[in-house]
> 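Below is a structure I'd like to ask you about.
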Amino acid sequence: QLVESGGGLVQTGGSLRLSCAASGQIFGSVAMGWFRQAPGKEREFVSTIDWSGRITYAADSVKGRFTVSRDNAKNAVYLQMNTLNPEDTAVYYCAGRRTGAPGHERWAYGFWGQGTQVTVSS
């Protein structure tokens, strides 16, 4: 089970930190990812982190602004979002991958949270 938190309303240029709490014993062995879905659009990849926390990838649209991290001792993964703009408005989902290697393919993620809303006002 994955539960996201930390979403909310923020002004352009502001920051938010999303958290994802995971239950289950396999958390420390699987890669994790963040996706987002804006109204009327498909769910898109945001960022991913491997099982160890040493390898991360991010979508071009968020590179340099968003940072993914994890704490395996706490069964948690985080998404630090800086310099937010209205195009970042979406529901953000945490997802667990079926392997330890990171990636952007949505089909490779077998576990999903319920999502948390992020709204950036102009």
> Taking Thr89 for the side chain and Thr119 for the main chain, is one N or O donor matched with an acceptor at less than 3.5 Å?
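It does not hold such a pair.
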> How would you list, by chain and number, every residue that makes a side chain to side chain donor-acceptor pair (under 3.5 Å) with Gln1, sequence neighbours excluded?
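Applying side chain to side chain donor-acceptor pair (under 3.5 Å) to Gln1 gives none.
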> Looking at Thr56 and Ile49, would you say the former's side chain and the latter's main chain have a donor-acceptor pair under 3.5 Å?
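Not confirmed, Thr56 side chain does not pair with Ile49 backbone.
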> Please name the pair of heavy atoms, one in Ala58 and one in Val62, separated by the smallest distance, quoted to 0.1 Å.
CB-CG2, 4.0 Å
> Which value, rounded to the nearest 0.5 Å, describes the distance between Asn82 atom CG and Asp88 atom CG?
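The distance works out to 10.5 Å.
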> Between Glu44 and Gln37, is there a donor-acceptor pair closer than 3.5 Å when you use the side chain of the first and the backbone of the second?
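No; judged by distance alone, with no hydrogens or angles, the pair does not exist.
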> Could you tell me which non-hydrogen atom of Leu2 sits nearest to which non-hydrogen atom of Gln114, and how far apart they are?
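In terms of heavy atoms, the two residues are closest at O-OE1, 3.6 Å.
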> Looking only at heavy atoms, what is the nearest atom pair of Pro102 and Ile55, with distance?
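Taking Pro102 first and Ile55 second, the nearest heavy atoms are CG-CG2, 3.9 Å.
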> Side chains of Val118 and Leu16: closer than 4.5 Å at any heavy-atom pair?
yes
> For residues Tyr78 and Met32: do they belong to one hydrophobic cluster (side chain heavy atoms under 4.5 Å, members Ile, Leu, Val, Met, Phe, Trp, Tyr)?
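Different clusters: Tyr78 never reaches Met32 through Ile, Leu, Val, Met, Phe, Trp or Tyr contacts under 4.5 Å.
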> Within a strict 4.5 Å, meaning less than it, do heavy atoms of the Gln11 and Val120 side chains meet?
no
> Between Tyr92 and Phe66, what is the ring plane arrangement, given parallel below 30°, perpendicular above 60°, and tilted in between?
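The arrangement is tilted - the two ring planes meet at 30° to 60°.
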> So, for Leu84 and Arg65, which heavy atoms are closest and what is the spacing to 0.1 Å?
CA-NH1, 3.9 Å
> Counting only N and O atoms by type, is there a donor-acceptor contact under 3.5 Å from the side chain of Asn72 to the main-chain atoms of Trp51?
yes
> For Phe27 and Ala22, which heavy atoms make the closest approach, and how far apart are they?
CD1-CB, 3.3 Å
> Can you give me the closest heavy-atom contact between Arg36 and Ala90, atom names plus distance?
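Distance-wise, the nearest heavy atoms are CB-CB, 3.8 Å.
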> What's the spacing between Asp50 CG and Ser29 OG if we round to 0.5 Å?
11.5 Å
> With side chains defined as the heavy atoms from C-beta onward, is the minimum distance between Phe111 and Cys94 less than 4.5 Å?
no
> Give the C-alpha distance, both sets of side-chain angles, the deciding distance and a yes or no for side chain to side chain contact (heavy atoms under 4.5 Å, CB included) between Val68 and Thr48.
CA-CA 7 Å; Val68 61; Thr48 181; over 6 Å; no
> One pair to check against salt bridge (Lys or Arg N to Asp or Glu O under 4.0 Å): Arg97 and Glu105. What are the steps and the verdict?
CA-CA 9 Å; Arg97 203 165 159 85; Glu105 308 89 345; 3.1 Å; yes
> Strictly distance-based, threshold 3.5 Å: is any side-chain N or O of Gln80 a donor or acceptor partner for the main-chain N or O of Arg17?
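Absent.
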> Check whether any side-chain N or O of Thr12 sits under 3.5 Å from a backbone N or O of Ser121 as a donor-acceptor pair, and report yes or no.
yes
> Does Tyr57 share a hydrophobic cluster with Val46, counting links as ILVMFWY side-chain heavy atoms below 4.5 Å and allowing steps through other members?
no
> Could you tell me whether a side-chain N or O of Arg70 sits under 3.5 Å from a main-chain N or O of Ala76, the two making a donor and an acceptor?
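No.
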> Hydrophobic clusters here meaning ILVMFWY residues chained together by side-chain heavy-atom distances under 4.5 Å, can you tell me if Trp112 and Val91 are in one?
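Yes, one cluster joins them.
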> Tell me, please, whether Phe45 has Arg106 positioned over its six-membered ring: NZ or CZ under 6.0 Å from the ring centre and within 45 degrees of its axis?
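The answer is no, since Arg106 fails at least one limit relative to Phe45.
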> Show your working on side chain to side chain contact (heavy atoms under 4.5 Å, CB included) between Trp34 and Cys20 and close with a plain yes or no.
CA-CA 9 Å; Trp34 287 95; Cys20 174; 3.8 Å; yes
> Identify whether Tyr109 and Leu79 are in the same connected component of the hydrophobic contact network (ILVMFWY, side-chain heavy atoms under 4.5 Å).
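No, Tyr109 and Leu79 fall in different hydrophobic clusters.
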